[in-house]
Amino acid sequence: MKYELSKNAGFCFGVKRAMNIAWEKITESDGEKIYSLGPLIHNKQAVMKYEQKGLVVIDDIEEAKDSKKMIIRSHGVSKKVYDDAKERGIEVFDTTCPFVLKIHNIVKGAKDVGQEVIILGDRNHPEIIGINGWADNEGIIIKTLEDLKSINLDPNKTYTLVAQTTMNEKVYEDIVDILKDELSDVNIFNTICSATKERQQSARELAQKVGAMVVIGGKHSSNTQKLKSICSEYCPTFQIEVVDELKDVDLLKFEKIGITAGASTPDWIIEEVISYIGSL
Ligand code: SF4
């Protein structure tokens, strides 16, 4: 069976860095519990591997009772979380991606000088919740062109605009074009991460030259879902979390399979899929 792995697939720089720091801290703590505020990444299998080593996932800092160590994941958090941790004497291992930290700084700087903050992205995504926290939870959050219609913006105010790092570039451009027309004073920061763009571009190119695509990644991973939606425009696309899910798919009817993976998919899961497809 012929197959090709996308040029850019799997862990991005920020996730790789976060997972390495977390692994190092868990290993150093020698069995002592370390909390993670939310799952480190949207990949069940990888999270389980870390849990077996002593990582305990909590949803709220209130749950941090038995240990004074906590990992902040690559999505980042609001300033309040750092303050709460300090107040409780919790040592924080911060794995926030440097690209997300940059957005926190932009937003905080804008608020400090009295500007309004516009955040393009999904209001329920942890990255956006964290970013909005640095805007005193007063950011104007816009995900779609529809959202834009329901928001009243003051043309006399100064705005600063940032975007979720995994935002769809096309939607971003459409919204920014309208805002540029409506607002006279808006500082625009395209904070979409190039890792996301590269993954999407490579997947798009590959999907056009194969019979079907396999997209590996967590069902709740937004960047994996976007890869699936891009590939589906060109060929039948199967999204899986683990190799076993491919066993019921008749891949042999396709001449060539393309493989890509979301930014939170570990190498060992990609390798299992490659090895299975290669064995067909
Ligand atoms: S996708 Fe980009 S911003 Fe997000 S963790 Fe990876 S490198 Fe950082």
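Residue numbers start at 1 and run along the sequence shown. As a basis for the values below, the full set of heavy atoms in this structure was taken, side chains included, without hydrogen atoms, waters or symmetry mates. Remember, it's 1-based here, ligands and their atoms both numbered in the order they're listed.
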Visitor: Go through Glu198 and Lys7 one step at a time and tell me if the salt bridge (Lys or Arg N to Asp or Glu O under 4.0 Å) criterion holds.
Guide: CA-CA 9 Å; Glu198 285 159 11; Lys7 259 190 274 164; over 6 Å; no
Visitor: With 2.8 Å as the threshold, which protein atoms of type N, O or S lie near atom 6 (Fe) of ligand 1? Leave waters out.
Guide: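 Metal shell, protein only: Cys12 SG.
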Visitor: In Å and rounded to the nearest 0.5 Å, what is the CD1 to CG distance from Ile188 to Leu179?
Guide: 7.0 Å
Visitor: Is the closest side-chain heavy-atom distance between Tyr82 and Glu87 below 4.5 Å?
Guide: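 No, every pair of side-chain atoms sits at 4.5 Å or beyond.
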Visitor: Under 30°, 30 to 60°, or over 60°: which ring-plane class applies to His75 and His42, parallel, tilted or perpendicular?
Guide: tilted
Visitor: Check whether any side-chain heavy atom of Tyr3 sits under 4.5 Å from a side-chain heavy atom of Ile259, and report yes or no.
Guide: yes
Visitor: If I compare all heavy atoms of Val81 with all of Met70, which pair ends up nearest, and what's the gap?
Guide: CG1-CE, 4.3 Å
